[in-house]
Amino acid sequence: MTLPRLTPRGLGLLILGFIFPLLDWGIAGLGWGGLVWDSLVLGLFWWDYQQVRAQTILLKRTFAERFSLGQANLVTLEITNLTNRQISYEIAEQLDWSLTVTPRVLTGILGTSITLTYTIKPQRRGSYDLPAAQARLCSPLGLVWRLCKLGIAEQITVYPDLENLKQVSLRLTQISGMQSAQRRGISTEFADLREYGSGDDPRFIDWKATARLGRPIIRTFQQERDQTLLILVDSGRMMLTEINGIQKFDWALNAALALALTGVRRGDRVGLGLFDSQLRIFLPPQAGNRQFEAILQRVYNQEPRLIEPDYTGIISQVLARNPRRALVVVLTDIIDPQASAELLAALAKLAPRHLPFCVTFQDPIVTAQAACIPKTVSQTFQKAVALQLIRQRAEAFRILQRRGALVLDSPVLTLSTQLIDAYLRVKARGQL
């Protein structure tokens with residue numbers, strides 16, 4: 001049984017009960033008036049607490065089956081007061097430190113029923129306990145708080161950023177795809193007409209439609225389908241570091257899932273692997289929406305490890321398991337040509353049978369230091385180091401490009417969008 005707690009009003013009355021005898025002029029310094037006052041206060045406390053104790057409050061939570069990492073996930077509370085007597089309340093959730101609740105405490109006055117909402121923003125994936133809500137109910141006279149638990153214990157499951165995937169899905173629905181060029185190896189089946197844009201091939205202008213509408217109109221063609229997209233996500237030591245409070249591995253996983261969804265929607269065979277010193281998870285390329293759901297269920301609770309990746313061994317396994325030509329996207333991080341020599345060599349092994357694509361993250365701290373105007377000697381030194389790091393990474397990217405690999409170095413906030421655009425450009429240009 002949880003003991004009640006005094007409100008400031010109740011505490012004030014209790015203190016007066018001790019002060020009153022000192023001011024009383026009754027018998028032997030312990031005035032009868034003080035004893036009467038104390039008895040009255042204690043009786044008042046008891047009556048007030050019995051009133052709030054008799055209150056019957058029901059609470060029901062409603063929330064999504066899957067929470068999105070890094071997003072504000074909505075939770076709805078439906079609270080019902082069966083005694084039909086207004087009561088002041090404070091309700092708080094006692095959750096894991098990696099789950100940020102906003103607002104932390106819900107307060108107000110409850111009549112018959114009320115609906116409240118708050119958000120939970122997770123910083124880690126996985127399953128979390130959601131205990132019964134901690135509540136404080138104020139007595140009618142405002143003297144004591146009744147401490148109790150409302151609702152039942154439940155569990156929430158945090159997935160990668162599903163809100164991002166919803167945006168990707170919406171975008172793929174709204175657009176018909178990147179413009180296709182009529183080249184060898186590309187399907188030339190007519191798909192649609194649209195307005196001419198910068199970068200379009202003028203050979204595909206539809207002159208009849210242009211004359212009819214009074215503005216340049218271009219023909220578009222179906223992209224090739226049933227190609228192979230293989231996504232490899234580094235889950236080694238370098239992916240443990242955080243950017244904007246979220247691990248690089250999670251940023252990579254979000255982008256990988258967005259790319260996988262795009263590939264499935266474009267009719268390609270999509271596979272995905274997680275690796276460090278071993279190929280921890282590998283789903284062979286398959287087509288269809290079921291493949292994307294299988295990928296999501298296999299990777300949503302995986303975590304990076306403090307292990308050095310074996311790029312050479314992993315790429316060799318990929319070559320052995322997937323002889324069919326594929327766009328092989330590797331989401332990892334690069335330091336410089338020397339520190340990342342094994343990665344550069346391993347990606348080069350993919351060409352020319354496959355089309356390697358290395359995807360890395362820009363560090364916002366390094367980018368900001370490189371762009372700042374230094375005012376002190378320390379800031380000058382930091383800028384010089386940041387510029388050197390950027391130059392070394394750029395040299396590693398140039399080596400990859402000379403060896404036949406595609407490269408994308410993106411800020412984490414736009415990584416998914418830029419990666420999808422790059423994939424669609426590969427499809428449109430017939431590079432597979």
Side-chain angles (χ1 to χ4, degrees), residues 178 181 183-186 224 227-239 248 251-252 255-256 259-260 263 268-279 282 285 308-363 366 387-411 415 418-432:
M178 300 286 290
R183 305 181 186 184
R184 177 184 291 182
I186 301 179
E224 288 191 20
Q227 294 177 321
T228 302
L229 169 62
L230 185 55
I231 307 167
L232 301 176
V233 181
D234 185 352
S235 60
R237 64 174 183 83
M238 288 194 299
M239 308 300 280
K248 287 182 180 179
W251 290 111
L259 179 60
D268 283 344
R269 302 167 67 249
V270 179
L272 186 140
L274 302 183
F275 70 92
D276 42 54
S277 61
Q278 304 175 35
L279 196 56
F282 184 76
E308 193 70 31
D310 179 12
Y311 298 108
T312 302
I314 298 305
I315 294 301
S316 297
Q317 291 185 54
V318 169
L319 288 171
R321 295 189 184 197
N322 193 75
R324 182 174 178 176
R325 178 169 172 80
L327 172 63
V328 182
V329 179
V330 181
L331 291 106
T332 184
D333 205 1
I334 284 180
I335 301 174
D336 57 49
Q338 290 73 39
S340 304
E342 183 187 358
L343 171 62
L344 303 186
L347 288 175
K349 287 178 61 177
L350 289 168
R353 179 191 295 182
H354 302 283
L355 178 58
F357 188 178
C358 182
V359 181
T360 62
F361 317 90
Q362 291 180 9
D363 189 323
V366 173
L387 290 172
Q388 179 65 14
L389 289 174
I390 292 174
R391 283 193 293 267
Q392 290 174 342
R393 283 168 60 85
E395 177 58 27
F397 297 148
R398 284 191 291 269
I399 292 173
L400 280 174
Q401 290 169 332
R402 288 197 297 266
R403 295 177 179 177
L406 304 176
V407 172
L408 174 63
D409 185 39
S410 169
L415 178 62
Q418 292 194 35
L419 181 54
I420 290 171
D421 288 344
Y423 160 73
L424 294 176
R425 284 194 297 270
V426 168
K427 296 277 290 178
R429 294 169 181 171
Q431 291 177 268
L432 280 177

Please name the pair of heavy atoms, one in [X] and one in [Y], separated by the smallest distance, quoted to 0.1 Å.
| X | Y | result |
| --- | --- | --- |
| Ile335 | Ala339 | CB-CB, 4.0 Å |
| Arg353 | Pro323 | CD-O, 3.7 Å |
| Pro356 | Ala351 | CD-CB, 4.2 Å |
| Gly236 | Pro309 | CA-CG, 4.2 Å |
| Gly263 | Leu229 | CA-CD2, 4.2 Å |
| Asp310 | Ser277 | CB-O, 3.7 Å |

Quick one: does [X]'s side chain get under 4.5 Å of [Y]'s, heavy atoms only?
| X | Y | answer |
| --- | --- | --- |
| Arg398 | Glu395 | yes |
| Lys427 | Gln227 | yes |
| Ile314 | Phe282 | no |
| Ile334 | Leu400 | yes |

When rounded to the nearest 0.5 angstrom, what is the spacing between [atom1] in [X] and [atom2] in [Y]?
| X | Y | atom1 | atom2 | answer |
| --- | --- | --- | --- | --- |
| Leu344 | Arg403 | CG | CZ | 6.0 Å |
| Leu347 | Ser340 | CG | OG | 10.0 Å |
| Asp276 | Tyr311 | CG | OH | 10.0 Å |
| Leu419 | Leu259 | CG | CG | 4.5 Å |
| Leu331 | Ser235 | CG | OG | 12.0 Å |
| Cys358 | Asp234 | SG | CG | 10.0 Å |

Do we see a donor-acceptor contact under 3.5 Å between the side chains of Arg391 and Gln388?
-> yes
Indicate yes or no for a side-chain donor-acceptor contact from Asn322 to the backbone of Arg324 under 3.5 Å, with no hydrogens or angles considered.
-> yes
If only atom types and distance count, is the side chain of Gln362 paired as donor or acceptor with the main-chain N or O of Asp409 below 3.5 Å?
-> yes
Would Tyr423 and Ile231 satisfy side-chain contact (heavy atoms from CB on, under 4.5 Å), going step by step from the backbone distance to the final call?
-> CA-CA 12 Å; Tyr423 160 73; Ile231 307 167; over 6 Å; no
Applying side-chain contact (heavy atoms from CB on, under 4.5 Å) between Val330 and each of Val318, Leu232, Leu230, Thr360, report the one that passes.
->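 Going through Val318, Leu232, Leu230, Thr360 one by one, the side-chain contact (heavy atoms from CB on, under 4.5 Å) with Val330 is satisfied by Leu232 alone.
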Give the intermediate values and the outcome of side-chain contact (heavy atoms from CB on, under 4.5 Å) for residues Leu408 and Val329.
-> CA-CA 10 Å; Leu408 174 63; Val329 179; over 6 Å; no
When Thr228 is tested against each of His354, Arg269, Arg325 for side-chain hydrogen bond (donor to acceptor under 3.5 Å, both in side chains), which residue passes?
->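 Only one option passes, and that is Arg269.
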Can a salt bridge be assigned to the pair Lys349 and Glu342 using a cut-off of 4.0 Å between side-chain N and carboxylate O?
-> no
Does a salt bridge link Arg393 with Asp333, judged by any charged N lying under 4.0 Å from a carboxylate O?
-> yes
